[in-house]
Amino acid sequence: MKTIEERSNPYFANTHAKDVTGGSSKGEKRIPGELGIWFFIFGDMLMFAALFGVFLHDRSSNLLIFNLSQENLHGFYGFVNTLILLSSSICVVLAIRAMRHEMRANASFLILMAIGCGLSFACIKCFEYSEKISSGILLTTNLFWTYYYVITGVHLFHLLIGLGVLSFCYMQARQGRLSVERLRLVEGGACFWHMVDLLWIVIFPLLYLVR
Amino acid sequence: MSLDKNVVEFQYRSARVELACLWSFPVAMALVFGGVWLAGMFPPLSPSSSSMEVQEFFRDSPNKIRAGMILSMLGCAVAGLFVAVISTQMKRVEGAFSPLAYTQLLAGLISNMLGVLPFAFIQIGAFRADRMPEILQLLYDSSWLMNLGIIFPTVLEISVIGACAFMDRSERIFPRWYAWICTWVAFVMCADVLVFFFKAGPFAFNGIISFWLELSVFAIWLLITFLILRKSINKSIAEMSTIDSSGAHFSSSVIS
């Protein structure tokens, strides 16, 4: 992290001094990304938590329907998608580290890998949807499928936005040397991507595995 | 550089007007929600209820519905002042050419209309409450689907306010965290389009997510927006009352 702080940047002292938390001397501990992105991330996770809450509540009163419907879900797809997203997150972590050390080629390659993972997640998801739809399972079939389509759909929407964010990060990574402000933005983007990953890690057991 | 004393006075007066417009907002909200509550539509009937039940709702106490809807429509009209204040504040960020402020004004107008028309539908239903139940149900459904389902003007409005807040690098009007909150709220509000798909469950127009959660998020956003605008208007009033020596940064944006 030292590489950022060591760069002389007029913005750092003014704009971001308040973002520095923890240690008294700057650069010891701070929140990645700018503070505002965390409003967004926690707000979003709060909404998902509410969604999961009503899902579990409705599940407890329709246990039979939920369990019977769940048998039509292939845990395999969910599992593969979990692996894909986890590896994309690792790529993003490594890419950010590479960017901090100004290893331009590494960083952009790693972000491309993450984007590839995200795209394959979306493809698998679409494949899963089309399989469900062709076997006659729709949004309005029953409450379980409502939740299935809505929760995974909202997550997919987040993932697509995340892909846009990663593309932005890719363009930044190609540029090499970034201002501290820009790097904060890229870090924020990475945090968003981790949130997409984290949400899926909750969604997967909730929809596919919980009994 | 010091500003002409008349200009400062002029700006001071318009800032006071802005503050007055802003404070009309709690009144507007009280009217809208009070009216809806008086009409017995808080929360709405389930979309899965039969047309006879809807007819019963209209027949039960048409006068309460009429009075309530008049209050709500009045509240919507008053809320127009708030929409305008948001735009004038955005204009301070954007300067003379202010596409975002105009978009906010437009989108705010449309979302306001999408608030008035549903109340008008209920009012029309109550006008002849002995109509065929199916027709009353049509009015009731149109009312709530329009109110909650046509969310995109509101999403646009919140997004441009967020974009403007991102532009405000000096954070003089909008703090940066507010920009992120706007982005998030705009994101969350999109989920309201689901009301078209469901007649029961959490995403129906009386459901826990589409109605309760979305409305709470929107209400919290309105409250935050109100507080932020109040703070920035108060700040500029305070600045202007001591402006004689250093009024330079009040540029032409206020009176353009």
Side-chain angles (χ1 to χ4, degrees), chain A residues 11 14-16 18-19 31 33-59 61-62 65-66 138-151 153-155 157-158 160-162 165 181 184-185 188-189 191-192 195-196, chain B residues 47-48 151-152 155 158-159 161-172 174-221 224-225 228:
Chain A
Y11 284 115
N14 311 327
T15 324
H16 294 299
K18 61 185 171 232
D19 286 2
I31 305 173
E34 59 177 281
L35 193 61
I37 183 93
W38 292 98
F39 279 103
F40 186 89
I41 287 176
F42 278 112
D44 230 28
M45 294 208 294
L46 216 62
M47 292 310 282
F48 268 99
L51 202 55
F52 298 153
V54 289
F55 170 81
L56 285 174
H57 177 262
D58 280 352
R59 184 180 177 278
S61 46
N62 305 288
I65 293 176
F66 273 57
L138 299 172
L139 185 70
T140 44
T141 301
N142 67 34
L143 203 56
F144 176 80
W145 294 108
T146 299
Y147 278 114
Y148 166 76
Y149 280 111
V150 170
I151 293 180
V154 173
H155 179 261
F157 176 60
H158 277 73
L160 293 179
I161 290 189
V165 170
E181 208 179 23
R184 286 281 150 107
L185 219 53
C191 292
F192 181 79
M195 182 196 74
V196 171
Chain B
S48 58
I151 201 66
F152 291 123
V155 170
I158 299 172
S159 312
I161 297 172
C164 186
F166 275 121
M167 276 174 68
D168 190 6
R169 282 304 170 106
S170 62
E171 304 191 32
R172 203 167 63 80
F174 302 110
R176 205 168 160 80
W177 56 263
Y178 176 68
W180 288 105
I181 284 192
C182 286
T183 317
W184 170 65
V185 173
F187 224 60
V188 169
M189 298 299 284
C190 290
D192 248 358
V193 291
L194 289 170
V195 292
F196 295 119
F197 292 91
F198 298 103
K199 295 192 183 62
F203 305 103
F205 64 59
N206 71 337
I208 185 154
I209 291 189
S210 291
F211 185 76
W212 293 106
L213 204 72
E214 297 282 347
L215 269 194
S216 332
V217 168
F218 188 55
I220 292 170
W221 177 80
I224 294 174
T225 309
I228 282 175

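No experiment lies behind these values; they were computed from the predicted model shown. Reminder, nothing fancy here: chain letters follow the sequence lines and each chain counts from 1.
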Peer 1: Does any backbone or side-chain atom of B:Val185 lie under 4.5 Å from a heavy atom of chain A? Answer side chain, backbone, both or neither.
Peer 2: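 Neither the backbone nor the side chain of B:Val185 comes within 4.5 Å of chain A.
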
Peer 1: Between CG of A:Leu51 and CG of B:Leu213, what distance do you get to the nearest 0.5 Å?
Peer 2: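 One gets 9.0 Å once the value is rounded to the nearest 0.5 Å.
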
Peer 1: Could you look at A:Tyr147 and say if it's the side chain, the backbone, both or neither that has a heavy atom under 4.5 Å from chain B?
Peer 2: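 The answer is the side chain of A:Tyr147.
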
Peer 1: What part of B:Tyr178 lies closer than 4.5 angstrom to a heavy atom of chain A: side chain, backbone, both or neither?
Peer 2: neither

Peer 1: Is it true that atom CG of A:Leu185 has more than 12 heavy atoms of other residues, nucleotides or ligands lying nearer than 6.0 Å?
Peer 2: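 More than 12 heavy atoms, drawn from other residues, nucleotides or ligands, come within 6.0 Å of this atom.
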
Peer 1: Under 6.0 Å between the ring centres of B:Trp177 and A:Phe39?
Peer 2: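 Yes; A:Phe39 has its ring centre under 6.0 Å from that of B:Trp177.
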
Peer 1: Kindly compute the distance separating CD1 (A:Ile41) from CH2 (B:Trp180), expressed to the nearest 0.5 Å.
Peer 2: 8.5 Å

Peer 1: In Å, rounded to the nearest 0.5 Å, how long is the span from CZ of B:Phe198 to OG1 of A:Thr146?
Peer 2: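 So the gap between those two atoms works out to 4.0 Å.
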
Peer 1: Quick one: pull up CH2 in B:Trp184 and CE in A:Met47 and give me the separation to the nearest 0.5 Å.
Peer 2: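 Rounded to the nearest 0.5 Å, the CH2-CE separation comes out at 6.0 Å.
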
Peer 1: Is it true that atom CZ of B:Phe166 has more than 12 heavy atoms of other residues, nucleotides or ligands lying nearer than 6.0 Å?
Peer 2: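 Yes.
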
Peer 1: So which part of A:Val54 gets closer than 4.5 Å to some heavy atom of chain B, the side chain, the backbone, both or neither?
Peer 2: side chain

